[in-house]
Novice: 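The structure under discussion is supplied below as structure tokens; questions concerning it will follow.
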Amino acid sequence: MKTCGHVVLEKARAGETDAALLVCGDLPEAAGPESTPVTGEFKGKIATAFAGDFISGVSGYGEDYLQAAVMGYSMVPTGETPLFGPAAEFGSGCAGILSAGSNAYVYVTEGSGMCIVRMADIFGKKKLVRCLSSEGGEDVIGLSEGSVLIACPERWMEGGPSLNDMISLFDPSDIKDDDAFDRHLSELAGEGFTGCAAALMVK
């Protein structure tokens with residue numbers, strides 16, 4: 001969902017492996033004097049990298065290719081900026097999720113105002129917990145059936161209406177397909193959540 005900022009969503013099936021890319025960010029309140037505007041051309045470049053290099057790699061090597069791709073995306077020639085990872089340029093910064101099979105690479109650009117959260121069982125109750133904050137960083141997270149990862153503005157996790165107040169929207173048993181998930185996410189805007197978010201759910 002998006003009321004401001006930008007979102008890039010891609011998914012594909014490479015052989016027997018499901019793969020997805022979610023990038024969102026470029027929040028107005030995080031913009032600094034050196035922020036480069038996110039253009040349609042740049043979003044297309046991100047989508048093309050996923051659909052081309054990443055999917056062909058996963059098709060050839062399976063989900064293990066995720067680790068090689070992460071290294072390749074972050075190790076770019078001097079003077080060039082990576083498309084993915086905490087050093088990527090995406091306007092004022094972003095949070096991203098790149099998944100293949102049973103693992104997802106997650107990252108947040110420092111100072112972007114974005115974060116990565118995941119659904120977890122805490123004392124028998126489902127809660128959304130922060131994996132990465134707007135301080136930035138990267139990690140690899142294991143995925144299993146029922147896993148939910150969300151890239152969203154960090155303010156959604158603190159003060160005012162919290163994403164945990166809306167956790168029922170992310171109940172895997174209540175989401176039958178992508179369209180149903182989109183409808184659930186659109187409810188956030190109706191509840192006053194502004195910004196942009198992208199969510200990955202494993203069925």
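We number each residue from 1, following the sequence as shown. Below, all heavy atoms of this structure are taken into account, side chains as well, without hydrogens, waters or symmetry copies.
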Novice: Calculate, to the nearest 0.5 Å, the distance between atoms CD1 and SG belonging to I141 and C131 respectively.
Specialist: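 Rounded to the nearest 0.5 Å, the CD1-SG separation comes out at 4.0 Å.
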
Novice: Identify, with sequence neighbours excluded, every residue that meets side chain to side chain donor-acceptor pair (under 3.5 Å) alongside S99.
Specialist: none

Novice: According to a 4.5 Å side-chain heavy-atom criterion applied to Ile, Leu, Val, Met, Phe, Trp and Tyr, with indirect links allowed, do L132 and M119 form part of one hydrophobic cluster?
Specialist: no

Novice: With sequence neighbours excluded, give me every ring pair (Phe, Tyr, Trp, His ring centres under 6.0 Å) pair touching residues 5-29.
Specialist: none

Novice: Any chance you could pull the hydrophobic cluster mates of F123, using side-chain heavy atoms under 4.5 angstrom and chaining through other members?
Specialist: I122, V129

Novice: Determine the minimum heavy-atom distance between S147 and G142, stating which atoms define it.
Specialist: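 Taking S147 first and G142 second, the nearest heavy atoms are OG-O, 4.4 Å.
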
Novice: If I compare all heavy atoms of A151 with all of I116, which pair ends up nearest, and what's the gap?
Specialist: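 Reported closest heavy-atom pair: CB-CD1, 3.8 Å.
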
Novice: Mind checking whether V8 and M1 sit in one hydrophobic cluster, side chains of I, L, V, M, F, W, Y counted as touching below 4.5 Å?
Specialist: no

Novice: Would you check if L21 and F54 make a side-chain contact, meaning some heavy-atom pair closer than 4.5 Å?
Specialist: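 In short, these two side chains do not touch, never coming nearer than 4.5 Å.
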
Novice: Just wondering, are more than 12 heavy atoms of other shown residues or ligands nearer than 6.0 Å to CD in E145?
Specialist: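 Result for CD/E145: open.
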
Novice: Nearest 0.5 Å, what's the CD-OG distance between E110 and S133?
Specialist: 9.5 Å

Novice: Hey, does L128 have a side-chain heavy atom less than 4.5 Å from the side chain of I150?
Specialist: yes

Novice: Mind checking whether Y105 and E138 have side chains closer than 4.5 Å, heavy atoms only?
Specialist: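 Yes. Closest side-chain heavy atoms under 4.5 Å.
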
Novice: Output all residues satisfying salt bridge (charged side-chain N to carboxylate O under 4.0 Å, His left out) with E154, sequence neighbours left out; order by chain, then residue number.
Specialist: R130

Novice: Checking T39 side chain against F42 main chain: does a donor-acceptor pair fall under 3.5 Å?
Specialist: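 Yes.
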
Novice: Other residues, nucleotides and ligands only: do more than 12 of their heavy atoms fall within 6.0 Å of CD on E135?
Specialist: no

Novice: In chain order, what residues pass the side chain to side chain donor-acceptor pair (under 3.5 Å) check against S59, with sequence neighbours excluded?
Specialist: none

Novice: Is any side-chain heavy atom of Y107 closer than 4.5 Å to one of C94?
Specialist: yes

Novice: Can you list the residues that meet the salt bridge (charged side-chain N to carboxylate O under 4.0 Å, His left out) rule with E41, with sequence neighbours excluded?
Specialist: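 Once residues adjacent in sequence are excluded, E41 has no partner under the salt bridge (charged side-chain N to carboxylate O under 4.0 Å, His left out) criterion.
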
Novice: Look at the side-chain heavy atoms of Ile, Leu, Val, Met, Phe, Trp and Tyr, link any pair under 4.5 Å apart, and say whether V23 and V70 land in one connected group.
Specialist: yes

Novice: If you take all heavy atoms of C152 and V117, which pair is closest and at what distance?
Specialist: SG-CG2, 4.5 Å

Novice: Residues two or more places apart in sequence or in another chain: which of them pass side-chain contact (heavy atoms from CB on, under 4.5 Å) with Y61?
Specialist: Y65

Novice: What distance do T36 atom OG1 and E89 atom CD have between them, rounded to the nearest 0.5 Å?
Specialist: 5.5 Å

Novice: Sequence neighbours excluded and cut-off under 3.5 Å, please list the side-chain donor-acceptor pairs for residues 186-203, or say none.
Specialist:
{"from": "S186", "atom 1": "OG", "to": "R183", "atom 2": "O", "distance (Å)": "2.7"}
{"from": "T194", "atom 1": "OG1", "to": "R155", "atom 2": "NH2", "distance (Å)": "3.3"}
{"from": "K203", "atom 1": "NZ", "to": "P172", "atom 2": "O", "distance (Å)": "2.6"}
{"from": "K203", "atom 1": "NZ", "to": "I175", "atom 2": "O", "distance (Å)": "2.6"}

Novice: Any side-chain heavy-atom pair from L149 and V106 closer than 4.5 angstrom?
Specialist: yes

Novice: Which heavy atom of A14 sits nearest to which heavy atom of V58, and what is that distance?
Specialist: CB-CG1, 3.6 Å

Novice: Please identify each residue that fulfils salt bridge (charged side-chain N to carboxylate O under 4.0 Å, His left out) with K11, with sequence neighbours left out.
Specialist: D178

Novice: Do P153 and L27 have side chains that approach each other closer than 4.5 Å (heavy atoms only, starting at C-beta)?
Specialist: yes

Novice: Are the side chains of C115 and S134 in touch, meaning some heavy atoms are under 4.5 Å apart?
Specialist: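 No, their side chains stay 4.5 Å or more apart.
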
Novice: Between M114 and C24, does a side chain to side chain contact (heavy atoms under 4.5 Å, CB included) hold up when you go through it step by step?
Specialist: CA-CA 8 Å; M114 299 294 292; C24 58; 3.5 Å; yes

Novice: What's the shortest heavy-atom distance between P28 and C4, and which atoms?
Specialist: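 Scanning both residues completely, I find the closest heavy atoms to be CD-SG, 3.8 Å.
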
Novice: Show me the pairs that pass ring pair (Phe, Tyr, Trp, His ring centres under 6.0 Å) and involve residues 15-38, at least two apart or across chains.
Specialist: none

Novice: Would you say F84 ends up clustered with L9 if hydrophobic residues are merged whenever their side chains have heavy atoms under 4.5 Å apart, either directly or through other cluster members?
Specialist: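 No; tracing contacts between hydrophobic side chains, which count when under 4.5 Å, never links both residues.
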
Novice: I167, L169: one ILVMFWY side-chain cluster at the under-4.5 Å cut-off?
Specialist: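 In one cluster: yes.
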
Novice: Among all residues two or more places apart in sequence or in another chain, which pass the salt bridge (charged side-chain N to carboxylate O under 4.0 Å, His left out) test with D121?
Specialist: K126

Novice: Can you find a side-chain donor-acceptor pair between E63 and S102 that sits under 3.5 Å?
Specialist: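 The answer is yes; a qualifying pair exists.
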
Novice: Testing the basics here: between A95 and V108, what is the closest heavy-atom pair and its distance to 0.1 Å?
Specialist: CB-CG2, 4.0 Å

Novice: To the nearest 0.5 Å, what is the distance between CD1 on I46 and OG1 on T48?
Specialist: 10.0 Å

Novice: Once you round to the nearest 0.5 Å, how far does CG of D26 lie from OG of S112?
Specialist: 10.0 Å

Novice: L83 versus F90: any side-chain heavy-atom pair under 4.5 Å?
Specialist: no

Novice: Which residues pass the side-chain contact (heavy atoms from CB on, under 4.5 Å) test with D171, sequence neighbours left out?
Specialist: S173, D174

